[in-house]
Structure formats: structure tokens, C-alpha cells
Amino acid sequence: MVIRKIGVLKAGIFQGCFGALFGLIFGVIFALFGSMFSGLAGNAGGSMGAMGFGMVIMMPIMYGVFGFIGGIIAAALYNLVAGIVGGIEIETD
């Protein structure tokens with residue numbers, strides 16, 4: 001089997017969803033550390049906890065958007081190069 005072309009929009013959607021999932025994971029990690037450090041800082045760390053929980057919302061959005069754009073660019077470049085060199089060969093059973 002030879003992969004000669006990748007659907008650009010489908011690749012962008014896949015990468016966007018994949019990036020949003022990673023963004024959610026990293027956002028939760030930021031929220032955990034933000035709340036932990038705000039607890040250690042006492043009253044002065046209130047904004048740290050809020051910023052950590054804000055990352056649970058912002059990071060999936062940012063990772064999703066940049067993943068979508070990156071997926072579109074990568075698929076378009078693959079299609080360009082595959083047209084020249086013939087694509088990727090895959091052996092299956």
C-alpha cells in the first residue's frame with residue numbers, strides 16, 4: 001500500500017482534537033500546581049490558583065487551534081512532497 005495523499009481538512013481536525021486533549025491534560029497539571037502553590041503562598045497567591053484553573057480552559061483552546069493549523073500545514077506539505085517522491089510505502093498483513 002502507498003499513501004499518496006492525505007485529506008488536509010481531516011488531518012487538521014485530527015491534529016486539533018489531539019492537541020486539545022494534550023492541552024486539557026497540561027491545563028489540569030497547571031491547575032494542580034497553581035492551586036498547590038497558591039495554598040503555600042497564603043493570601044498573596046490567590047491569583048496563582050485562578051491562573052491555574054484558567055489554564056484548564058485556555059490551554060485546550062490554544063493547543064487545539066495551533067494543532068489544527070499545524071495539521072493542515074503538515075498534510076499540505078506531505079501531499080506536495082508525496083507528489084514528487086511517490087508517497088510512503090506501508091506493508092500490511
Self-check item: Met1 and Thr92: CA distance, side-chain angles, deciding distance, side-chain contact (heavy atoms from CB on, under 4.5 Å) verdict
Solution: CA-CA 8 Å; Met1 297 175 68; Thr92 60; 3.8 Å; yes
Quiz item: What is the minimum heavy-atom distance between Ile6 and Ala75, and which atoms define it?
Solution: CG2-CB, 4.0 Å
Exercise. Group every Ile, Leu, Val, Met, Phe, Trp and Tyr by side-chain heavy-atom contacts under 4.5 Å, then state whether Ile29 and Phe22 land in the same group.
Key: yes
Quiz prompt | Worked check of side-chain contact (heavy atoms from CB on, under 4.5 Å) between Ile90 and Val2 | solution = CA-CA 6 Å; Ile90 298 175; Val2 177; over 6 Å; no
Quiz item: Is the closest side-chain heavy-atom distance between Phe68 and Leu9 below 4.5 Å?
Solution: yes
Quiz item: Any side-chain heavy atom of Tyr63 sitting closer than 4.5 Å to one from Phe18?
Solution: no
Quiz item: So how far is it from Leu80 CG to Ile84 CD1, rounded to the nearest 0.5 Å?
Solution: 5.0 Å
Practice problem: Could you tell me which non-hydrogen atom of Gln15 sits nearest to which non-hydrogen atom of Gly71, and how far apart they are? | Solution: CG-CA, 3.7 Å
Quiz item: Gly86 and Arg4: which non-hydrogen atoms are nearest, and at how many Å?
Solution: O-NH1, 3.7 Å
Exercise. Work out which heavy atom in Ile88 is nearest to a heavy atom in Tyr78; give both atom names and the distance.
Key: N-OH, 3.1 Å
Quiz item: Transitively linked via ILVMFWY side-chain contacts under 4.5 Å: Ile72 with Ile13?
Solution: yes
Quiz prompt | Hydrophobic cluster identity match, Leu21 and Phe66, side-chain contacts under 4.5 Å | solution = no
Quiz item: Under a single-linkage definition using a 4.5 Å side-chain heavy-atom cutoff for Ile, Leu, Val, Met, Phe, Trp and Tyr, are Ile61 and Ile25 assigned to the same hydrophobic cluster?
Solution: no
Practice problem: Examine Phe30 and Met58 and state if one hydrophobic cluster contains both, with Ile, Leu, Val, Met, Phe, Trp and Tyr joined whenever side-chain heavy atoms are less than 4.5 Å apart. | Solution: no
